[in-house]
Amino acid sequence: MANSGLSWTLPDHPKLPKGKTVAVVVLDGWGEANADKYNCIHVAETPVMDSLKNGAPERWRLVKAHGTAVGLPSDDDMGNSEVGHNALGAGRIFAQGAKLVDLALASGKIYDGEGFNYIKECFDEGTLHLIGLLSDGGVHSRLDQVQLLLKGASERGAKRIRVHILTDGRDVLDGSSVGFVETLENDLSQLREKGIDARIASGGGRMNVTMDRYENDWDVVKRGWDAQVLGEAPYKFQSAVEAVKTLRAEPKANDQYLPPFVIVDEGGKAVGPVLDGDAVVTFNFRADRMVMIAKSLEYADFDKFDRVRVPKIRYAGMLQYDGELKLPSHYLVSPPEIERTSGEYLVKNGIRTFACSETVKFGHVTFFWNGNRSGYFDETKEEYVEIPSDSGITFNVKPNMKALEIAEKARDAILSGKFDQVRVNLPNGDMVGHTGDIEATVVACKAADEAVKIILDAVEQAGGIYLVTADHGNAEDMVKRNKSGQPALDKSGGIQILTSHTLQPVPVAIGGPGLHPGVKFRSDIQTPGLANVAATVMNLHGYEAPADYETTLIEVDN
Ligand SMILES: O=C(O)[C@H](O)COP(=O)(O)O
Ligand SMILES: [Mn+2]
Ligand SMILES: [Mn+2]
């Protein structure tokens, strides 16, 4: 291991004391943007976050949360929770899945790896199934990568290919699914001209089919299994373009929630169930929403739902999604090796750590924070609490989500004196922002702000320190903009609601009675990003960060 001989002991900070309770609050999807009616954070009553911003200018600043600052291929890539929490927790910038897959495809190395060679064994006799999110969002997957993979696999012997699509509308505009399906159909028809039997076999909206996370609702994964593996779904069509167009014509239809469908032949028979001898690739690079399907495809012992028929397949992920579980065991591209995270260092230096969120973001403050690693580093020093999320609803219906419960758990943890670091993720701005419901998102932002108050009050009472930040933008801009920053209008003159994240920077605020009075943000780091937060937090605990961490945001006068 690269770690052998490594010292986990962190040097003492020359000026900052140990022993203060540090609350680390991540507001999910809370960026900074111009104030207008599409900025839900601005519209909402957010007195606590406002007071941090307007209070002490030397203790509030903005950092980058998108693009190359968080290891994404380019600065046109919006931030997301995976890369945001990875950067916050790991204190360094790692080339992330999107970029690693780009490089492996460009160099062709993807086809030399163990994962591709493993699935290739099925190409002569079986079908290659590709399952994943069909969009150019770049958060979980990218269409251009799928196109290259289709080309590469067919050139290397895949004769029969079935694609199982999940429509997006969350990282991209709602309604864009039709165009993505048309593009894919066009590619598949070109493959057919070359004699390859390539078709779309099934589909469904990502939030309804397959892409659940953190075991919030196994029914979502089951609906996917039924359509993709068993070839069974409530809707049957002879083409995917027809499927998506027809299902989108239903009242209130939305790409994120399209029902599962299968593509059938003239006789009504599914064209692409997964059978013995087939190969399956899940082509999303991002982990959280692939872990559950990976378990269902890989585990012999599996009791989360009745799989009915379990085909003998060769399965590979685009990446390995969980390094601790080694899941899946075969993968096309090696994931970033995010080691020596701040969480691991701090625990090994005796920092007792509490982390909490509700189910839909629980893995963000644990798994992602710890470098895509599940479980504790040292269970005698850590406690991770998951508040069950509501399932089966869209969060605009209950925009307060579990913010209050998360804040109360954090408050109790802070006041218990049992923890040195209390870390939470407050999901509201992000999860409700993704619904595109502006009114509900305003309510969500208020709820998050109220939760911050509860936590900061507890910090005050405990004589502790807080660091409040966010993982990327979302709720601060709910409309697609043109180049001059005005709402971009569609063909019929209407605004286009932005359900996705943004490219906006996010705030970092520090304070609390335990903070040394001489602490202020440095003015010499021109464009800091989320990766600078880890060293900052280590300082607040009284330690210096390891030398290869991105530099701290703070300095201490006197
Ligand atoms: O998975 C999702 O919900 C979105 O694609 C991205 O949101 P997140 O990065 O905030 O989880
Ligand atoms: Mn997020
Ligand atoms: Mn999000």
Side-chain angles (χ1 to χ4, degrees), residues 25-31 40-41 65-66 70-72 77-89 96-98 132-142 166-174 176-177 205-214 216-217 220 254-257 284-293 321 357-369 372 389 391 394-396 399 401 403 424-437 441 444-445 448 469-478 498-504 506 530 533:
V25 179
V26 181
L27 291 147
D28 212 293
W30 191 285
C40 293
I41 297 171
H66 79 286
V70 285
L72 293 170
D77 292 304
M78 62 194 164
N80 70 70
S81 290
E82 176 184 49
V83 300
H85 286 79
N86 281 171
L88 286 166
Q96 286 286 352
L133 184 65
L134 191 75
S135 81
D136 63 4
V139 173
H140 295 268
S141 67
R142 280 213 331 266
L166 301 164
T167 54
D168 191 345
R170 187 172 178 90
D171 300 324
V172 290
L173 294 181
D174 182 42
S176 57
S177 60
R206 56 175 285 176
M207 299 302 283
N208 198 11
V209 178
T210 299
M211 281 176 60
D212 189 44
R213 65 180 163 204
Y214 308 140
N216 192 43
D217 186 357
V220 174
N254 167 324
D255 286 350
Q256 296 189 53
Y257 289 91
N284 288 16
F285 42 73
R286 174 162 152 175
D288 55 348
R289 296 190 184 275
M290 286 289 106
V291 166
M292 294 167 76
I293 181 179
Y321 301 125
S357 190
E358 60 172 281
T359 310
V360 292
K361 296 286 180 184
F362 176 66
H364 289 36
V365 273
T366 55
F367 175 82
F368 285 152
W369 191 275
N372 302 346
S389 286
S391 62
T394 55
F395 287 103
N396 55 335
M401 300 183 69
V424 298
N425 174 298
L426 296 170
N428 310 62
D430 182 68
M431 292 301 287
V432 187
H434 280 304
T435 68
D437 181 333
T441 307
C445 293
T469 188
D471 58 340
H472 52 76
N474 184 338
E476 79 287 355
D477 198 4
M478 298 290 290
L498 195 73
T499 52
S500 71
H501 299 167
T502 69
L503 304 173
Q504 295 301 117
V506 299
L530 290 176
V533 169

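We count ligands from 1, going down the list as the structure has it; atoms in each ligand are counted the same way.
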> Which is the closest N/O/S atom of H501 when seen from the Mn ion (ligand 3)?
Replying inline: NE2
> Using 30° and 60° as the class limits, which term best fits the ring planes of W369 and H85: parallel, tilted or perpendicular?
Replying inline: perpendicular
>> Quick check: of its N, O or S atoms, which one does D471 have closest to the Mn ion (ligand 2)?
In response: OD2
> Which single N/O/S atom of D28 lies at minimum distance from the Mn ion (ligand 2)?
Replying inline: OD1
Could you check if a side-chain atom of [X] sits within less than 4.5 angstrom of a side-chain atom of [Y], using non-hydrogen atoms only?
| X | Y | result |
| --- | --- | --- |
| M211 | R170 | no |
| D168 | D255 | no |
| D171 | L133 | yes |
| H364 | E82 | no |

>> Counting the benzene-type ring for Trp, do H434 and F395 have ring centres under 6.0 Å apart?
In response: no
> Backbone or side chain, does S81 get an N/O/S atom under 2.8 Å to the Mn ion (ligand 2)?
Replying inline: yes
> Is the distance between the Mn ion (ligand 2) and the nearest N/O/S atom of H472 smaller than 2.8 Å?
Replying inline: yes
Tabulating one pair per line, provide the atom names and distances (0.1 Å) for every N/O atom of ligand 1 that is less than 3.5 Å from a protein N/O atom.
from, atom 1, to, atom 2, distance (Å)
ligand 1, 1 (O), H140, NE2, 2.7
ligand 1, 1 (O), R206, NH2, 3.0
ligand 1, 1 (O), R213, NH1, 3.4
ligand 1, 1 (O), R289, NE, 2.7
ligand 1, 1 (O), R289, NH2, 3.4
ligand 1, 3 (O), R170, NE, 2.8
ligand 1, 3 (O), R170, NH2, 3.3
ligand 1, 3 (O), R289, NH2, 2.8
ligand 1, 5 (O), H140, NE2, 2.9
ligand 1, 5 (O), D171, OD1, 2.7
ligand 1, 5 (O), D171, OD2, 2.9
ligand 1, 5 (O), R206, NH1, 3.4
ligand 1, 5 (O), R206, NH2, 2.8
ligand 1, 7 (O), H434, NE2, 3.2
ligand 1, 7 (O), H501, NE2, 3.1
ligand 1, 9 (O), S81, N, 2.7
ligand 1, 9 (O), S81, OG, 3.0
ligand 1, 9 (O), R286, NH1, 2.8
ligand 1, 9 (O), R286, NH2, 3.3
ligand 1, 10 (O), D28, OD1, 3.4
ligand 1, 10 (O), S81, OG, 2.4
ligand 1, 10 (O), K361, NZ, 3.0
ligand 1, 10 (O), D430, OD1, 3.4
ligand 1, 10 (O), D430, OD2, 3.0
ligand 1, 10 (O), H472, NE2, 3.1
ligand 1, 10 (O), H501, NE2, 3.2
ligand 1, 11 (O), S81, OG, 3.0
ligand 1, 11 (O), R213, NH1, 2.9
ligand 1, 11 (O), R213, NH2, 3.4
ligand 1, 11 (O), R286, NH2, 2.8
ligand 1, 11 (O), K361, NZ, 3.4
ligand 1, 11 (O), H364, NE2, 3.2

>> I'd like to know if the side chain of S391 pairs up with that of D217 as donor and acceptor (distance under 3.5 Å, no hydrogens or angles considered).
In response: no
> So, N86 and Q96: side-chain donor and acceptor under 3.5 Å apart, yes or no?
Replying inline: yes
> Can you give the angle D430 OD2 - the Mn ion (ligand 3) - H434 NE2, rounded to 10°?
Replying inline: 100°
> Any idea which heavy atoms bring W30 and V506 closest together, and the distance?
Replying inline: O-CG1, 3.7 Å
